[in-house]
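Given the structure is predicted, the values throughout are model-derived calculations rather than measurements.
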Amino acid sequence: FPVEYRGSTGSRHNPLPFPSTSRTVPAVHEMRWWWVLCVAVAVAAGGYLLLAPKEGTVPSSGPIELSAEEKALLLRSAREALAAHLEGRSPSPVDEALLTPAVREVASCFVTLTKGGALRGCILDSFKAHEAIYKNVQRNAILAATVDTRFPSVRASELPALAIEISVLGRPYPLAFDGPDDLVRKLRPGVDGVILTTTYGTSTFLPQVWEELADPQVFLGELCRKHGAPSGAWRTAALVRVEVYQVNHFSEAEPAQSD
(Lines give C-alpha, C1' and ligand atoms only; values in the text may rest on other atoms or scores of the structure.)
Protein backbone atom coordinates (compact mmCIF):
# COMPACT_ATOMS: atom_id res chain seq x y z
CA PHE A 1 0.00 0.00 0.00
CA PRO A 2 1.17 3.59 -0.54
CA VAL A 3 1.91 5.00 2.89
CA GLU A 4 2.28 8.54 4.23
CA TYR A 5 3.96 8.40 7.63
CA ARG A 6 2.67 10.81 10.27
CA GLY A 7 3.64 11.58 13.85
CA SER A 8 6.64 11.74 16.14
CA THR A 9 8.93 9.22 17.77
CA GLY A 10 7.80 7.55 20.98
CA SER A 11 4.23 8.75 21.32
CA ARG A 12 1.35 6.28 21.37
CA HIS A 13 -0.82 8.81 19.53
CA ASN A 14 1.58 9.59 16.68
CA PRO A 15 2.54 7.64 13.60
CA LEU A 16 6.02 7.38 12.18
CA PRO A 17 8.43 10.32 12.45
CA PHE A 18 8.81 11.24 8.80
CA PRO A 19 7.60 14.37 6.97
CA SER A 20 4.92 14.25 4.34
CA THR A 21 3.82 16.55 1.56
CA SER A 22 0.15 15.61 1.52
CA ARG A 23 -2.05 18.56 0.59
CA THR A 24 -5.74 18.98 1.23
CA VAL A 25 -7.72 21.87 -0.26
CA PRO A 26 -11.27 21.76 1.06
CA ALA A 27 -13.83 23.74 -0.89
CA VAL A 28 -15.16 26.93 0.66
CA HIS A 29 -18.63 28.03 -0.42
CA GLU A 30 -20.01 31.53 -0.04
CA MET A 31 -23.64 31.51 1.05
CA ARG A 32 -25.94 33.30 -1.39
CA TRP A 33 -29.70 33.43 -1.59
CA TRP A 34 -29.61 31.72 -4.97
CA TRP A 35 -27.46 28.91 -3.54
CA VAL A 36 -30.09 28.30 -0.85
CA LEU A 37 -32.79 28.26 -3.53
CA CYS A 38 -30.84 25.74 -5.63
CA VAL A 39 -30.44 23.46 -2.63
CA ALA A 40 -34.14 23.69 -1.84
CA VAL A 41 -35.03 22.79 -5.42
CA ALA A 42 -32.56 19.88 -5.45
CA VAL A 43 -33.97 18.50 -2.21
CA ALA A 44 -37.53 18.83 -3.49
CA ALA A 45 -36.61 17.11 -6.76
CA GLY A 46 -34.65 14.20 -5.34
CA GLY A 47 -33.05 15.01 -2.02
CA TYR A 48 -34.39 11.81 -0.52
CA LEU A 49 -31.30 10.13 -1.99
CA LEU A 50 -29.24 11.81 0.71
CA LEU A 51 -31.05 9.75 3.32
CA ALA A 52 -29.45 6.52 2.09
CA PRO A 53 -25.70 7.12 1.75
CA LYS A 54 -23.76 4.39 -0.02
CA GLU A 55 -20.19 3.25 0.41
CA GLY A 56 -17.97 5.99 -0.94
CA THR A 57 -19.72 8.95 0.69
CA VAL A 58 -17.19 11.52 1.91
CA PRO A 59 -18.13 13.08 5.27
CA SER A 60 -18.13 16.76 6.16
CA SER A 61 -15.15 18.33 7.93
CA GLY A 62 -16.34 17.42 11.43
CA PRO A 63 -15.60 14.11 13.13
CA ILE A 64 -17.86 11.23 12.11
CA GLU A 65 -20.34 10.16 14.76
CA LEU A 66 -20.29 6.43 15.50
CA SER A 67 -22.48 4.39 17.82
CA ALA A 68 -21.04 2.03 20.43
CA GLU A 69 -22.00 -0.88 18.16
CA GLU A 70 -20.23 0.67 15.16
CA LYS A 71 -17.08 1.29 17.20
CA ALA A 72 -17.12 -2.31 18.41
CA LEU A 73 -17.56 -3.53 14.83
CA LEU A 74 -14.55 -1.51 13.64
CA LEU A 75 -12.35 -2.76 16.47
CA ARG A 76 -13.35 -6.37 15.76
CA SER A 77 -12.77 -5.86 12.05
CA ALA A 78 -9.30 -4.41 12.64
CA ARG A 79 -8.35 -7.26 14.97
CA GLU A 80 -9.62 -9.96 12.61
CA ALA A 81 -7.75 -8.45 9.65
CA LEU A 82 -4.55 -8.24 11.70
CA ALA A 83 -4.91 -11.78 13.07
CA ALA A 84 -5.57 -13.21 9.61
CA HIS A 85 -2.54 -11.44 8.17
CA LEU A 86 -0.19 -12.61 10.91
CA GLU A 87 -1.55 -16.15 10.81
CA GLY A 88 -1.30 -16.37 7.02
CA ARG A 89 -4.98 -16.96 6.35
CA SER A 90 -7.83 -15.14 4.63
CA PRO A 91 -9.78 -12.81 6.94
CA SER A 92 -13.36 -13.66 7.80
CA PRO A 93 -15.68 -11.48 5.70
CA VAL A 94 -17.48 -8.63 7.43
CA ASP A 95 -21.21 -9.26 7.75
CA GLU A 96 -22.77 -6.95 5.15
CA ALA A 97 -25.86 -6.58 7.33
CA LEU A 98 -23.72 -4.89 9.98
CA LEU A 99 -22.17 -2.34 7.61
CA THR A 100 -24.11 0.81 8.47
CA PRO A 101 -23.94 4.01 6.40
CA ALA A 102 -21.52 5.48 8.97
CA VAL A 103 -18.87 2.75 8.64
CA ARG A 104 -19.23 2.88 4.84
CA GLU A 105 -18.29 6.56 4.76
CA VAL A 106 -14.92 7.44 3.26
CA ALA A 107 -12.44 8.66 5.87
CA SER A 108 -8.83 8.30 6.96
CA CYS A 109 -8.30 6.18 10.06
CA PHE A 110 -5.22 6.24 12.25
CA VAL A 111 -4.58 2.94 14.03
CA THR A 112 -2.42 2.54 17.14
CA LEU A 113 -1.29 -0.74 18.70
CA THR A 114 -0.22 -0.85 22.33
CA LYS A 115 1.17 -3.61 24.51
CA GLY A 116 1.06 -3.20 28.26
CA GLY A 117 0.21 0.47 27.73
CA ALA A 118 3.33 1.07 25.61
CA LEU A 119 3.37 1.88 21.93
CA ARG A 120 3.88 -1.18 19.72
CA GLY A 121 3.13 0.39 16.32
CA CYS A 122 0.95 3.03 14.70
CA ILE A 123 0.24 4.41 11.28
CA LEU A 124 -1.97 6.44 8.96
CA ASP A 125 -1.64 5.29 5.35
CA SER A 126 -2.88 8.56 3.84
CA PHE A 127 -4.38 11.84 4.98
CA LYS A 128 -6.40 11.82 1.78
CA ALA A 129 -9.50 9.72 2.46
CA HIS A 130 -9.73 7.02 -0.19
CA GLU A 131 -11.86 4.14 1.09
CA ALA A 132 -14.63 3.19 3.50
CA ILE A 133 -13.86 3.41 7.21
CA TYR A 134 -14.26 -0.32 7.84
CA LYS A 135 -11.74 -1.07 5.07
CA ASN A 136 -9.26 1.58 6.15
CA VAL A 137 -9.08 0.32 9.74
CA GLN A 138 -8.28 -3.15 8.41
CA ARG A 139 -5.53 -1.79 6.17
CA ASN A 140 -3.94 0.36 8.86
CA ALA A 141 -4.11 -2.28 11.57
CA ILE A 142 -1.92 -4.48 9.36
CA LEU A 143 0.40 -1.62 8.43
CA ALA A 144 0.79 -0.53 12.06
CA ALA A 145 1.94 -4.05 12.92
CA THR A 146 4.28 -4.51 9.98
CA VAL A 147 5.53 -1.18 8.59
CA ASP A 148 6.40 0.94 11.65
CA THR A 149 10.19 0.73 11.42
CA ARG A 150 10.72 1.76 15.04
CA PHE A 151 9.63 -1.73 16.06
CA PRO A 152 10.08 -5.31 14.87
CA SER A 153 6.99 -6.63 13.12
CA VAL A 154 4.28 -7.87 15.45
CA ARG A 155 4.21 -11.66 15.87
CA ALA A 156 1.02 -13.70 15.95
CA SER A 157 1.88 -14.79 19.49
CA GLU A 158 1.63 -11.15 20.64
CA LEU A 159 -1.97 -10.67 19.52
CA PRO A 160 -3.63 -11.55 22.86
CA ALA A 161 -1.51 -8.88 24.59
CA LEU A 162 -2.25 -6.08 22.12
CA ALA A 163 -4.86 -3.34 22.39
CA ILE A 164 -6.10 -1.51 19.30
CA GLU A 165 -6.99 2.19 19.21
CA ILE A 166 -8.69 3.82 16.21
CA SER A 167 -8.90 7.52 15.39
CA VAL A 168 -11.37 8.33 12.59
CA LEU A 169 -10.36 11.68 11.13
CA GLY A 170 -12.62 14.41 9.92
CA ARG A 171 -11.52 16.24 6.79
CA PRO A 172 -8.80 18.87 7.41
CA TYR A 173 -9.71 22.48 6.71
CA PRO A 174 -7.60 25.67 6.59
CA LEU A 175 -7.23 27.79 9.71
CA ALA A 176 -7.00 31.50 8.90
CA PHE A 177 -4.83 33.55 11.26
CA ASP A 178 -3.09 36.91 11.33
CA GLY A 179 0.40 36.24 12.63
CA PRO A 180 1.81 33.81 15.20
CA ASP A 181 0.06 35.27 18.24
CA ASP A 182 -3.31 35.02 16.52
CA LEU A 183 -2.53 31.42 15.58
CA VAL A 184 -1.90 30.55 19.23
CA ARG A 185 -5.22 32.14 20.22
CA LYS A 186 -7.20 30.25 17.57
CA LEU A 187 -5.89 26.75 18.24
CA ARG A 188 -8.14 24.65 20.48
CA PRO A 189 -6.06 22.38 22.73
CA GLY A 190 -7.58 18.95 23.13
CA VAL A 191 -9.92 19.49 20.15
CA ASP A 192 -7.88 20.24 17.06
CA GLY A 193 -5.47 17.97 15.27
CA VAL A 194 -3.02 20.24 13.46
CA ILE A 195 -1.26 19.96 10.10
CA LEU A 196 1.58 22.49 9.92
CA THR A 197 3.36 23.35 6.67
CA THR A 198 6.45 25.56 6.56
CA THR A 199 9.17 26.05 3.96
CA TYR A 200 10.84 22.98 5.51
CA GLY A 201 7.97 20.52 5.01
CA THR A 202 4.73 19.28 6.58
CA SER A 203 3.86 17.41 9.76
CA THR A 204 0.84 16.70 11.95
CA PHE A 205 -0.20 15.89 15.50
CA LEU A 206 -3.47 14.22 16.45
CA PRO A 207 -5.71 16.00 18.99
CA GLN A 208 -4.65 13.44 21.62
CA VAL A 209 -1.10 14.88 21.53
CA TRP A 210 -2.39 17.92 23.48
CA GLU A 211 -2.41 15.58 26.49
CA GLU A 212 1.40 15.53 26.27
CA LEU A 213 2.02 19.03 24.85
CA ALA A 214 -0.62 21.26 26.42
CA ASP A 215 1.06 24.61 25.70
CA PRO A 216 0.21 25.75 22.13
CA GLN A 217 3.64 27.30 21.60
CA VAL A 218 5.42 24.12 22.69
CA PHE A 219 2.96 22.09 20.60
CA LEU A 220 3.78 24.14 17.48
CA GLY A 221 7.50 24.04 18.20
CA GLU A 222 7.51 20.26 18.41
CA LEU A 223 5.39 20.08 15.26
CA CYS A 224 8.08 22.12 13.46
CA ARG A 225 10.84 19.87 14.72
CA LYS A 226 8.95 16.82 13.51
CA HIS A 227 9.40 17.84 9.87
CA GLY A 228 12.99 19.04 10.35
CA ALA A 229 12.31 22.73 10.93
CA PRO A 230 13.69 24.85 13.77
CA SER A 231 11.23 24.94 16.68
CA GLY A 232 10.51 28.63 16.05
CA ALA A 233 9.77 28.24 12.33
CA TRP A 234 6.01 28.57 12.93
CA ARG A 235 6.76 32.18 13.93
CA THR A 236 9.44 33.08 11.38
CA ALA A 237 9.21 30.92 8.24
CA ALA A 238 8.30 32.65 4.97
CA LEU A 239 5.51 30.11 4.44
CA VAL A 240 3.32 28.95 7.31
CA ARG A 241 0.09 27.13 6.48
CA VAL A 242 -2.11 25.51 9.10
CA GLU A 243 -4.97 23.06 8.68
CA VAL A 244 -6.97 21.59 11.55
CA TYR A 245 -9.18 18.55 11.92
CA GLN A 246 -11.05 16.66 14.60
CA VAL A 247 -11.18 12.94 15.34
CA ASN A 248 -13.45 10.35 16.88
CA HIS A 249 -11.16 7.99 18.75
CA PHE A 250 -11.88 4.82 20.70
CA SER A 251 -10.01 1.71 21.77
CA GLU A 252 -10.10 -1.75 23.21
CA ALA A 253 -9.36 -2.23 26.89
CA GLU A 254 -5.74 -3.08 27.63
CA PRO A 255 -5.48 -6.85 28.15
CA ALA A 256 -4.29 -8.02 31.54
CA GLN A 257 -0.58 -8.80 31.39
CA SER A 258 0.60 -12.19 32.60
CA ASP A 259 3.43 -12.31 35.13
Side-chain angles (χ1 to χ4, degrees), residues 1 3-16 63-95 98-100 102-127 129 131-170 193 204-209 211-212 246-258:
F1 304 121
V3 178
E4 298 174 9
Y5 300 99
R6 309 281 178 170
S8 65
T9 302
S11 168
R12 66 171 295 181
H13 297 303
N14 301 329
L16 301 183
I64 296 168
E65 295 298 326
L66 296 166
S67 68
E69 292 77 14
E70 289 165 338
K71 293 176 181 178
L73 170 67
L74 293 173
L75 290 167
R76 288 197 307 271
S77 180
R79 179 169 287 276
E80 168 57 19
L82 177 56
H85 179 82
L86 297 180
E87 294 167 3
R89 59 177 174 82
S90 297
S92 301
V94 180
D95 185 349
L98 299 177
L99 294 178
T100 63
V103 302
R104 290 177 183 268
E105 287 196 24
V106 174
S108 296
C109 302
F110 177 68
V111 175
T112 300
L113 306 177
T114 57
K115 184 177 180 180
L119 182 65
R120 185 62 180 85
C122 54
I123 208 163
L124 171 68
D125 69 318
S126 176
F127 236 114
E131 62 187 348
I133 292 171
Y134 77 94
K135 293 180 179 178
N136 200 236
V137 298
Q138 294 173 330
R139 179 191 300 270
N140 283 329
I142 294 171
L143 291 176
T146 59
V147 177
D148 190 335
T149 56
R150 294 171 295 175
F151 306 97
S153 295
V154 171
R155 304 181 305 275
S157 61
E158 294 181 83
L159 277 170
L162 294 181
I164 298 174
E165 178 182 316
I166 296 171
S167 294
V168 181
L169 279 62
T204 188
F205 280 151
L206 293 172
Q208 297 94 298
V209 177
E211 298 171 10
E212 304 163 24
Q246 291 78 50
V247 305
N248 187 341
H249 68 98
F250 46 95
S251 64
E252 299 175 327
E254 288 282 350
Q257 301 297 307
S258 57

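- Across all their heavy atoms, A156 and E87 have their closest contact at CB-CG, 4.3 Å.
- There is a side-chain donor-acceptor pair under 3.5 Å between T114 and E254.
- Distance alone, capped at 3.5 Å, places no donor-acceptor pair between the N136 side chain and the E131 backbone.
- Between the side chain of E252 and the main chain of I164, a donor-acceptor pair closer than 3.5 Å is present.
- Taking both residues in full, the closest heavy atoms of P152 and R120 are given as O-NH1, 2.8 Å, listed atom of the first, atom of the second, then distance.
- A distance-only check finds a donor-acceptor pair linking the side chain of N248 to the backbone of I64 [under 3.5 Å].
- Smallest separation of non-hydrogen atoms from R150 and C122: NH2-SG, 3.3 Å.
- For the pair S108 (side chain) and F127 (backbone), a donor-acceptor distance under 3.5 Å is present.
- Between the CD1 atom in I166 and the CZ atom in F250 there is a gap of 4.5 Å [rounded to 0.5 Å].
- With respect to the salt-bridge test (charged N to carboxylate O, under 4.0 angstrom), the residues E70 and R104 do not qualify.
- Counting heavy atoms from C-beta on, the side chains of F110 and V247 never come closer than 4.5 Å.
- Nearest heavy-atom pair across V111 and A141 is CG1-CA, 3.8 Å.
- Although no hydrogens or angles enter the test, the distance criterion places no donor-acceptor pair under 3.5 Å between the side chain of R139 and the main chain of C109.
- For the atom pair L66 CG and L73 CG, the distance stands at 10.0 Å (nearest 0.5 Å).
- Here the side chains of Q208 and S167 are in contact, with some heavy-atom distance below 4.5 Å.
- For the pair K115/V154, no side-chain contact is recorded, criterion being any heavy-atom separation below 4.5 Å from C-beta on.
- Distance check: L113 CG to N140 CG gives 10.0 Å after rounding to the nearest 0.5 Å.
- Taking both residues in full, the closest heavy atoms of A129 and A107 are given as CB-CA, 3.6 Å, listed atom of the first, atom of the second, then distance.
- Between the side chain of D148 and the main chain of I123, no donor-acceptor pair closer than 3.5 Å is present.
- You'll find the side chain of T146 reaches within 4.5 Å of the side chain of H85, heavy atoms only.
- Note that the CD atom of E65 and the NZ atom of K71 stand 8.0 Å from one another [nearest 0.5 Å].
- Contact between L159 and R79 at its shortest, heavy atoms only, is O-NH1, 3.1 Å.
- Taking 4.5 Å as the limit, some side-chain heavy atom of L124 sits within range of a side-chain heavy atom of L169.
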